[in-house]
Colleague: 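First, the structure itself, so that you have it in front of you.
One-based numbering, in listed order, for ligands and for the atoms of each.
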Amino acid sequence: LNRDIRVVQVGLGPLGKMIAKHIINERKGIRYVGAVDISPELVGMDLGEAVGLEGKVGVKVGVDAAKVFKATKPDIAIYTTTSFARDTFKQLEAAIAAKVDVISTCEQLSYPYFSEPKLAAKYDKLAREAGVSILGTGINPGFLMDVRPIVLTAACTEVKRLEITRRMDASLRRKPFQKKIGAGLTKAEFKRFMKEGKITGHVGLEESLCLIAAALDWPLDTVVVEEAQAVIAEAPVASPFYQVKKGQVKGVRQEAYGVIDGEPVIKLSFAAYLGADPSYDEVYIEGTPEIRARVSPCWHGDHGTVAMVVNLIPSVIDARPGVLTMNDLVSISFKGGEMSCFVKGKK
Ligand SMILES: NC(=O)c1ccc[n+]([C@@H]2O[C@H](COP(=O)([O-])OP(=O)(O)OC[C@H]3O[C@@H](n4cnc5c(N)ncnc54)[C@H](OP(=O)(O)O)[C@@H]3O)[C@@H](O)[C@H]2O)c1
């Protein structure tokens with residue numbers, strides 16, 4: 001494009017606000033032409049004020065995405081509204097109808113072919129027909145427990161097993177994240193809230209497993225995701241948002257496995273709690289060569305998500321139409337199946 005990329009922000013929770021502030025303050029060649037949120041207190045405000053900046057940016061927050069797209073004709077919409085593909089797909093109808101590309105932090109959208117295969121196929125067809133590219137991404141899922149290990153396997157001649165661990169100090173994250181991992185609840189409340197869907201823990205382990213398996217051509221027999229467990233504080237611990245007493249919940253831990261012939265060939269181990277020390281992200285590859293790649297302290301999830309979303313905008317605009325995954329954008333990995341390739345235009 002020989003002009004600025006035109007973007008609309010849909011969803012102005014803490015993450016949408018962080019992305020908007022970052023683009024407005026720090027990025028060149030891209031500018032907001034619209035914004036949408038359903039919270040009455042934000043609708044009608046100037047985007048600059050809505051995200052806590054001093055000055056106005058001359059863009060009003062609207063409530064109806066279809067109207068905003070029609071009036072502003074953006075190149076791409078950034079959706080930071082929900083974690084669930086079913087909800088997000090419904091919201092994306094406005095973008096598809098207006099032929100606007102989409103990048104979203106919806107966790108299930110990072111591999112919707114697992115949680116919502118029928119809807120994913122339906123919206124993939126609609127997106128292809130409309131010439132619209134749709135990508136779910138972020139730091140996790142989107143990078144740490146899938147793309148990072150996938151890329152590391154590209155330099156291996158053999159991969160037998162992968163073990164990926166994220167241990168995060170959640171006290172550094174935004175409030176909705178601390179809330180969804182149950183910080184400050186009793187153990188009984190944690191169980192009840194999880195059952196009632198009031199808190200979700202981490203969403204995305206299934207999607208990360210599927211992204212890895214698809215990249216490596218590993219035909220998983222089963223995807224096993226264990227129940228999320230409360231991590232109980234052995235001593236008081238605090239964050240800017242929660243004071244957790246001894247015996248209360250300070251976060252969550254959960255494991256997931258990708259199984260072939262009874263063998264857990266991919267293991268994901270996720271823990272996020274206030275005060276986790278040490279915090280780290282680790283990829284272990286049992287193969288040739290054997291690799292243990294640890295990043296410590298753990299990658300900051302919110303800054304990482306803002307970065308993934310903003311840095312990938314040009315790639316999504318340039319990508320083919322359809323409901324894409326990170327494997328469509330980052331295509332280097334160990335190839336565990338029969339070698340094959342796809343020559344453009346010769347499918
Ligand atoms: N993949 C990753 O690595 C990653 C990383 C970080 C976050 N995430 C996910 O990204 C999402 C956003 O994070 P957050 O902390 O900002 O969440 P949040 O606090 O739930 O904010 C979502 C915002 O979107 C608004 N909204 C909901 N439905 C809408 C719709 N149909 N149209 C317009 N606005 C709508 C909400 O309004 P109300 O409050 O009025 O409902 C709220 O202001 C979450 O689902 C989070 O789990 C993913």
Colleague: Any idea which residues sit under 4.0 Å from ligand 1, heavy-atom distances?
Modeller: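 For ligand 1, the contacting residues are V10, G11, L12, G13, P14, L15, D37, I38, S39, T80, T81, T82, S83, Q91, T105, E107, T137, G138, I139, N140, P141, R174, P176, K180, T305.
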
Colleague: Are R166 and D281 close enough for a salt bridge, meaning some N to O gap below 4.0 Å?
Modeller: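 Counted as a salt bridge, because a side-chain N and a carboxylate O are separated by less than 4.0 Å.
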
Colleague: Listing request: all side chain to side chain donor-acceptor pair (under 3.5 Å) pairs with a residue in residues 207-232, at least two apart in sequence or in separate chains.
Modeller: D146-S208

Colleague: Over 60° means perpendicular and under 30° means parallel, so classify the ring planes of W299 and F143, tilted if in between.
Modeller: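 Perpendicular, since the angle between the ring planes exceeds 60°.
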
Colleague: Which one of E255, M145, R167, R253 satisfies the side chain to side chain contact (heavy atoms under 4.5 Å, CB included) criterion with F270?
Modeller: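 Running side chain to side chain contact (heavy atoms under 4.5 Å, CB included) over E255, M145, R167, R253 with F270 returns exactly one hit, M145.
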
Colleague: Which residues, ordered by chain and number, are linked to V259 in its hydrophobic cluster, where ILVMFWY side chains connect at heavy-atom gaps below 4.5 Å, directly or through other members?
Modeller: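 Reading the cluster by chain and number, V259 sits alongside V224, Y257.
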
Colleague: Given a cutoff of under 4.5 Å between side-chain heavy atoms of I, L, V, M, F, W and Y, with clusters grown through shared members, what are the other residues clustered with V231?
Modeller: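 Hydrophobic cluster check, V231: joined to Y273.
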
